[in-house]
Asks: 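Would you mind keeping the following structure in view while I ask a few things?
Just the heavy atoms: all of them, side chains too, but no hydrogens, waters or symmetry mates, feed the values below. Order of the sequence lines fixes the chain letters, A, B, ..., with proteins taken first and strands second; residue numbering starts at 1 for each chain.
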Protein chains: 2
Amino acid sequence: MDSATAREQALDAAEKLFYGRGIQSVGMDDIRGASGVSLKRLYQLFPAKEQLVEAYLERRDVRWRGRLASYVEREADPELRILAVFDWLQEWFGEADFRGCAWINSYGELGARSERVADQVRAHKRAFRDYLASLVAGAGRPDALTGPLFLLAEGSMVTAGITGSTRPAAEAREAARSLLAAR
Amino acid sequence: MDSATAREQALDAAEKLFYGRGIQSVGMDDIRGASGVSLKRLYQLFPAKEQLVEAYLERRDVRWRGRLASYVEREADPELRILAVFDWLQEWFGEADFRGCAWINSYGELGARSERVADQVRAHKRAFRDYLASLVAGAGRPDALTGPLFLLAEGSMVTAGITGSTRPAAEAREAARSLLAAR
DNA sequence: AGCAAGGGAGAACGTGCGTTCTCCACGTGG
DNA sequence: CCACGTGGAGAACGCACGTTCTCCCTTGCT
C-alpha cells in the first residue's frame, strides 16, 4: 500500500471516528484498527495526533463546502440559491450518521485548549459566511442579509445536532424566506 | 466548613474551570486546588466526576435562565421583551469570561459519550425555547415565530463563542425585529 | 543466495488522571 | 486523660492512551 492510499484510509477512519464519537475519546489505536494502517505508518504520516486532527478538519472542510456548493449550483435562480442552502442543510441533517456540525463540536471539545483547532473552526465558519455573502450579492440583495442568514444556518446546525431532528432546517428556511421577502 | 458551603465552593470552582477550559481538561485535583475542598470531601459530595459535571450544568441552567428572565422582565412591553432577550445575549457575550454556550460546548465534548449530559443539554435548550415561546405568546404573536427566534439566538451564541465578538447578538436582534415586523 | 530497507504486530514506556487509601492532627464525649 | 470519629494532605493504585521500540517478515536488488 503506498503512502497516498494509506493516508486516505487513515483520514477516512479518523473522520468516521472523530466525527461520530468525538476526538478525545478516539485513540490512535482505534484509528489503526479502523483503517488497517499500522501505528508506525500512522506516525510517519502524522507525527502527532493533533496533526491528524487538523488534517481531518481540513479535508472535511473542503468536502463539506464542495458538497454544499455543488448542490446550490444546481439551482439557477439566484434568489432560490440562497434558500437552497437550507434545503441542503435539511438533507445533511437527515443523513444517518449526522451528529451536528463537526466544527462546532470540535470547538466545544478543543477550542479552549488548541489554538490551531480554534483557528480552523474560525476559518471554516468565515468561509461558509463568505459563501453565503456571495450568494446574497449574486441575488443583488443587501449585504446586511448575510449575517441573519448565517445565524439561522448556524442555529439550525446546532439545534439539529442536539435534537437529532431535521426540522430546524425547515424552520430556518422559512425564516430566511421571510427575511428575503421583507426587504 | 459544613457540607453545604463545601458543596457550593466545589461547584463554584467546577463552574469556573469546566466552563473556562472544557470539562475533560480539568482534573479533580484542579477542582480541589481551586476550591480548597479536599479530594476526600469532593468524593463524599460527588461520588464521581460525572456527577459533579451534572451538578455544574444543572446549577448553571437554573442561574442562566434566572438571569435571562429577570433581565427580560424589567421590560414591560411584551413585544420588546422578545427583543430584550437579544439585548441580554449581547451583555452576556460581552462578559470577560464569556466562552460560548456552556451546553453547546458540553454537548460537543461529551454529547456523543454521556447520555446524561446529552439529556441535560436537550432539557436546557427545550426550556430556553419554551421560554421564548411564552414571550411570543405573551405578545400575542403566532407560535410559528418561536422557532426562527430560537434559531437566531442559538446561532448568535455559537458564533459569539467561536469569534469572541458581541456582534452576533446585534445581528440576531435586528433579524428578530425584521421577523416581528413582517407578520 | 545474501542483504539492506521497509513495514507490520504488538509490547513497552511515560504520563495524566479518576479514584482510593494511608497516615496523622484535631476536637469531643466519657 | 483517653478512645474515637472526622477531615485534610497527599501518596498510591489502576487504567487509558500517546508515542516509541523490538522483533520478525517480506521484498527487491546485487
Asks: Measuring from atom CD of A:E109 to atom CD1 of A:I104, what distance do you get when rounded to the nearest 0.5 angstrom?
Replies: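 It comes to 13.5 Å.
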Asks: Classify the ring geometry between B:W92 and B:W64 as parallel (under 30°), tilted (30 to 60°) or perpendicular (over 60°).
Replies: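 Rings of B:W92 and B:W64: perpendicular, over 60°.
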Asks: Would you grab the first and last nucleotide of DNA chain D (5' to 3') that comes under 4.0 Å of any non-hydrogen atom in chain B?
Replies: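 The footprint of chain B covers D:dG7 to D:dG8.
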Asks: Under a 4.0 Å threshold between the charged nitrogen and the carboxylate oxygen, would A:E154 count as salt-bridged to A:R129?
Replies: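 No.
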Asks: So is B:R65 actually on top of B:F128's ring, under 6.0 Å and inside 45° of the axis?
Replies: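 Here B:R65 fails the 6.0 Å and 45° test against B:F128.
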Asks: Mind jotting down which residue pairs meet the ring pair (Phe, Tyr, Trp, His ring centres under 6.0 Å) criterion with at least one end in residues 43-62 of chain A? Sequence neighbours excluded, please.
Replies: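 Sorted pair list: A:F18-A:Y56.
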Asks: Are B:E115 and B:R122 close enough for a salt bridge, meaning some N to O gap below 4.0 Å?
Replies: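 Yes.
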Asks: For residues 25-53 of chain A, which residue pairs qualify under salt bridge (charged side-chain N to carboxylate O under 4.0 Å, His left out), counting only residues two or more places apart or in two chains?
Replies: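 Residue pairs with at least one partner in residues 25-53 of chain A: A:R21-A:D30, A:D29-A:R32.
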Asks: Would you name the heavy atoms of B:A133 and B:T146 that are closest together and state the gap between them?
Replies: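 Here B:A133 and B:T146 meet closest at CA-OG1, 3.5 Å.
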Asks: With a cut-off of under 6.0 Å to the ring centre and 45° to the axis, is A:R67 in cation-pi contact with A:Y71?
Replies: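 So A:R67 doesn't make the cation-pi contact.
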Asks: For B:F46 and C:dG18, give me the distance from atom CZ to atom P, rounded to whole Å.
Replies: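 Atom CZ in B:F46 sits about 15 Å away from atom P in C:dG18.
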Asks: Does atom CD (B:E58) have a neighbourhood of more than 12 heavy atoms from anything else shown, all under 6.0 Å?
Replies: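 No, because the 6.0 Å sphere around CD of B:E58 holds 12 heavy atoms or fewer from other groups.
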Asks: Can you tell me the distance, in whole Å, between the CG atom of B:L39 and the P atom of C:dT19?
Replies: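 Roughly 11 Å, once rounded to whole Å.
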Asks: Grouping I, L, V, M, F, W and Y whenever their side-chain heavy atoms are under 4.5 Å apart, do A:L80 and A:V72 come out in a common cluster?
Replies: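 Same hydrophobic cluster.
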Asks: Do B:R99 and B:Y19 form a cation-pi contact, if we require the NZ or CZ to be under 6.0 Å from the six-membered ring centre and within 45 degrees of the ring's axis?
Replies: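 Relative to the ring axis of B:Y19, which defines the angle, B:R99 lies outside at least one limit.
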Asks: Give me the residues of residues 6-23 of chain B where at least one heavy atom lies under 4.0 Å from an atom of DNA chain D, by number, or none.
Replies: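 By residue number: none to list.
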Asks: Between the protein and nucleotides 5-8 of chain C, which nitrogen or oxygen pairs are less than 3.5 angstrom apart?
Replies:
from	atom 1	to	atom 2	distance (Å)
C:dG7	N7	A:K40	NZ	3.2
C:dG8	OP1	A:R41	NH1	3.3
C:dG8	OP2	A:S38	OG	2.8
C:dG8	O6	A:K40	NZ	2.7

Asks: Taking only Lys NZ, Arg NE, NH1 and NH2, and the carboxylate oxygens of Asp or Glu, determine whether B:D12 and B:R59 approach each other closer than 4.0 Å.
Replies: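 B:R59 and B:D12: salt-bridged.
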Asks: Using Watson-Crick pairs (N1 to N3, plus N6-O4 or O6-N4) and G-U wobble pairs, both distances under 3.5 Å, which stems of at least 3 pairs involve DNA chain D?
Replies: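 Only these stems qualify: C:1-30 with D:1-30.
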